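Sequence positions, counted from 1, serve as the residue numbers for this chain. Being a predicted model, the structure only gives us computed values, none of them experimental.
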Amino acid sequence: MIVGLVVAAVAADCLGTEILQRAIEDGGGKVCIPTGHHMVGQLYLKNGVELHLEEGVVLEDAVDLHNYVVHALPCFEGTWIPLPNAHLKVIKYDLVDQTDVHNELLHRTEWLLGHNESETNLTASILAVENILTGEGTAFVRRAPLPHARMNPQAADFGFEARDFYGENCVGRWLRVYDTGYPCVKIPYRGGAIGRTKALQDWQRKVRPYVSGRDGIFICNTWGDRNRDTRINEAFLIGEIDAAATLGVEAIQVDDGWQSGKSMNSAFANGKGVWNGYWTASPDFWMPDPKRFPNGLAAVTRKAAENGIRFGLWFGPDSSNDAANWERDADWLLKLHREYGIDFFKLDSMKTTGALSLARQGKLFDKLLKESGGKIVVDMDVTAEKRPGYFGMMQAGPLFVENRYTDWKTYWPHLTLRTLWSLAEVIDPIRLRMEVLNPLRNRAKYGDDPLAPAAYPAETLFAIVMAASPLGWFEVQNLAPETVAAWKPLVAKWKAERDAMAACNVIPIGARPDGVSWTGFLFEPRKERVPGYMLFFRELNENARFDFGDVVPALEQVEVLAGEGSATLSSATIDRKLGFIWLRYGTMMTCYKRKELKACY
């Protein structure tokens, strides 16, 4: 019995939600709330726990929606779920990976669910059913690789049918969550499309909580300049570290080429490179190349640490025999972590060939996280192959989303913005490693195209990825001085605001980026009395002003942090086409303690 423990010391104008929920979780039997006026939010009772209110107890709704935490509940798969007798719409999300050959990564389909629906089966990563009059709904998320990478790609995830309701000859609508062998969670929400986005992002933050200094940092990787492994050696990386320190980069990720073995992407492979079975190819495949690094990795990792820069490596987990060498891979990465302090690993060349390989890959990630105390960050490459994808291994780290290059004119800033804006509707942007490239490389290949990377102000290119986990896809020492001069102050200011931005839900607003729109992101605080942010982009259009008053709550303060333009309490003006503006704002909110309206910061 837990008696008199819960909120006895909680004043009437304070929240008792966390204390009360902790007592429910830790105890059992009976949880007593003493006489008094207590403000609480969402509570979840456990089986066998009695919530006892003493005489005179008042529990007042805490009002603030952020005291109502998203709880993802397991679905009872293979059974029919009755849907409410209301006006409903269905929102189906189809996500796309293998981004080497795809650009549109999110496809959303909506329709109204009638009362006479014939049986319909669907394959989808996310399905939401929403009351169109109240905005309340439930999102169902399949925690699995995307359908094309599953054991049975054609298997339906969900189904709808109109049928007798509880045998009373009353036709109702039912949703079925099929048992596909992969778990599914259901996430209740309210607030329509924005509430759905916030609930999905909050759930992902529960699976992998944000850790300051580990998540969302600015990483650079040399591969984007297409020199492949021709320049990777100790002297070159020491130069990269010096250049990275000047720019404000926080971690250097050395791509393919640091190791003794040659992959098929190596410039020196001569057609004999390896892309699987690394341990069979050579037991020393993953040893640092002694010619490139005569002092091992110690010299470069020490140099990085002296400059306050973290270190990362490219690595290819062995997928042969259903990832049978997963433990050997994990032990080797942990050895690199312990000996050299290497925390960031980009995992590439993985192949998820079936249920067994997926389970073993999960064990690989879990072992890395557990034995490093959560310090190791895994970048899961989703650019090719069949891999766990967006929801298959969420605990591991961010997703390495795209390989884009100016050499082949596949890097277009408006497409990078479009990808981030689109995915942010259902994916926590911190989970997305998004690229910014050197805009002055290969300028001639783009000619006079008005959307060429070099046509943008340099600051805009970095601003595009500030809502995500920025990836500098370039050799830092190859950047032009004017590019460094433009980025350096913006990087410093972004780093100062990053933790506060990460404490917000990121809502895509405006039009879907297409090169000619007004678009951007609203960073809505998850808690009271903290700042919010807005990040707007004016693409190639003649309208210099964007009115956001119908999207953002009533504001009391707006401050321009960066960009070219100005702002009022209800609109933003960007002076230059392809420019941006970054704002910090305070809203008018009810503060429970004093019961008055005040700015949230």
Side-chain angles (χ1 to χ4, degrees), residues 217-259 265-268 288-289 291-314 340-344 346 379 400 403-408 411 413 433-445 453-454 456-465 469-492 494-495:
I217 68 172
F218 182 19
I219 284 181
C220 70
N221 182 306
T222 60
W223 199 264
D225 276 7
R226 290 304 302 165
N227 289 312
R228 296 191 285 174
D229 56 351
T230 60
R231 303 183 67 185
I232 292 178
N233 58 45
E234 183 178 298
F236 170 73
L237 288 180
I238 287 175
E240 279 293 285
I241 291 166
D242 287 334
T246 298
L247 179 58
V249 172
E250 295 163 282
I252 288 180
Q253 197 176 65
V254 184
D255 213 287
D256 187 357
W258 63 271
Q259 73 282 358
N265 285 329
S266 170
F268 308 104
D289 188 315
K291 294 181 180 179
R292 297 173 187 266
F293 300 98
N295 300 303
L297 295 176
V300 291
T301 55
R302 184 170 55 249
K303 172 72 172 179
E306 290 170 355
N307 284 271
I309 293 175
R310 316 274 286 281
F311 210 78
L313 294 174
W314 174 91
Y340 299 110
I342 297 172
D343 296 331
F344 297 89
K346 176 193 173 189
D379 278 22
F400 188 97
N403 290 315
R404 299 290 182 257
Y405 303 99
T406 56
D407 306 72
W408 303 321
Y411 174 58
R433 192 81 75 192
M434 300 298 300
E435 298 168 329
V436 55
L437 274 69
N438 182 342
L440 302 185
R441 284 191 72 246
N442 299 306
R443 293 180 67 174
K445 293 189 176 184
Y456 284 75
E459 297 93 329
T460 301
L461 301 177
F462 186 80
I464 285 172
V465 298
S469 293
L471 170 68
W473 194 228
F474 47 68
E475 296 172 1
V476 189
Q477 54 197 311
N478 199 29
L479 293 173
E482 58 266 32
T483 303
V484 175
W487 282 353
K488 183 177 180 178
L490 180 58
V491 169
W494 167 77
K495 287 161 67 173

Do the non-hydrogen side-chain atoms of [X] and [Y] ever get within less than 4.5 Å of each other?
X	Y	value
V484	P481	no
T483	L440	yes
P439	Y456	no

Who are the side-chain contact (heavy atoms from CB on, under 4.5 Å) partners of [X], not counting sequence neighbours?
X	answer
E475	T222, D225, N227, R231, F236, E240, N478
A492	none
D242	I238, K303, N307

[atom1]/[X] to [atom2]/[Y] distance, rounded to the nearest 0.5 angstrom?
X	Y	atom1	atom2	answer
Y340	L297	OH	CG	5.0 Å
D379	L313	CG	CG	12.0 Å
N265	W223	CG	CH2	5.0 Å
L471	I219	CG	CD1	7.5 Å
L437	Y405	CG	OH	9.0 Å
F311	F344	CZ	CZ	12.0 Å

Which donor-acceptor pairs under 3.5 Å do side chains of residues 247-255 form with protein atoms, sequence neighbours excluded?
{"from": "E250", "atom 1": "OE1", "to": "F218", "atom 2": "N", "distance (Å)": "2.8"}
{"from": "E250", "atom 1": "OE1", "to": "R498", "atom 2": "NH1", "distance (Å)": "2.7"}
{"from": "E250", "atom 1": "OE2", "to": "R498", "atom 2": "NH1", "distance (Å)": "3.2"}
{"from": "E250", "atom 1": "OE2", "to": "R498", "atom 2": "NH2", "distance (Å)": "2.7"}
{"from": "Q253", "atom 1": "OE1", "to": "N221", "atom 2": "ND2", "distance (Å)": "3.1"}
{"from": "D255", "atom 1": "OD2", "to": "N221", "atom 2": "ND2", "distance (Å)": "3.0"}
{"from": "D255", "atom 1": "OD2", "to": "K346", "atom 2": "NZ", "distance (Å)": "3.2"}

Quiz item: Taking the side chain from Q259 and the backbone from G257, do they hold a donor-acceptor pair closer than 3.5 Å?
Solution: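 Checked: pair present.
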Which atom pair, heavy atoms only, marks the closest approach of [X] to [Y]?
X	Y	result
R433	I217	NH1-O, 3.6 Å
F293	N233	CE2-C, 3.7 Å
G312	I342	CA-CG2, 4.0 Å
S266	D229	OG-OD2, 2.6 Å
P470	F462	CB-CE1, 4.0 Å
A486	P489	O-CD, 3.8 Å

Self-check item: Passing option when D407 is tested against K445, R441, R226 for side-chain hydrogen bond (donor to acceptor under 3.5 Å, both in side chains)
Solution: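 Output: one option passes, namely R441.
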Practice problem: Report the C-alpha separation of F474 and W487 in whole Å, then their side-chain angles, then the decisive distance to 0.1 Å, and conclude whether the ring pair (Phe, Tyr, Trp, His ring centres under 6.0 Å) test is met. | Solution: CA-CA 14 Å; F474 47 68; W487 282 353; 5.7 Å; yes
Self-check item: Non-neighbouring partners of W473 that pass side-chain hydrogen bond (donor to acceptor under 3.5 Å, both in side chains), sequence neighbours left out
Solution: E435
Self-check item: side-chain hydrogen bond (donor to acceptor under 3.5 Å, both in side chains) partners for S469, two or more places apart
Solution: none
Exercise. Could you walk me through whether L237 and W258 pass the side chain to side chain contact (heavy atoms under 4.5 Å, CB included) test, one step at a time?
Key: CA-CA 10 Å; L237 288 180; W258 63 271; over 6 Å; no
Self-check item: Check: N295/E234 side-chain N/O donor and acceptor closer than 3.5 Å
Solution: yes
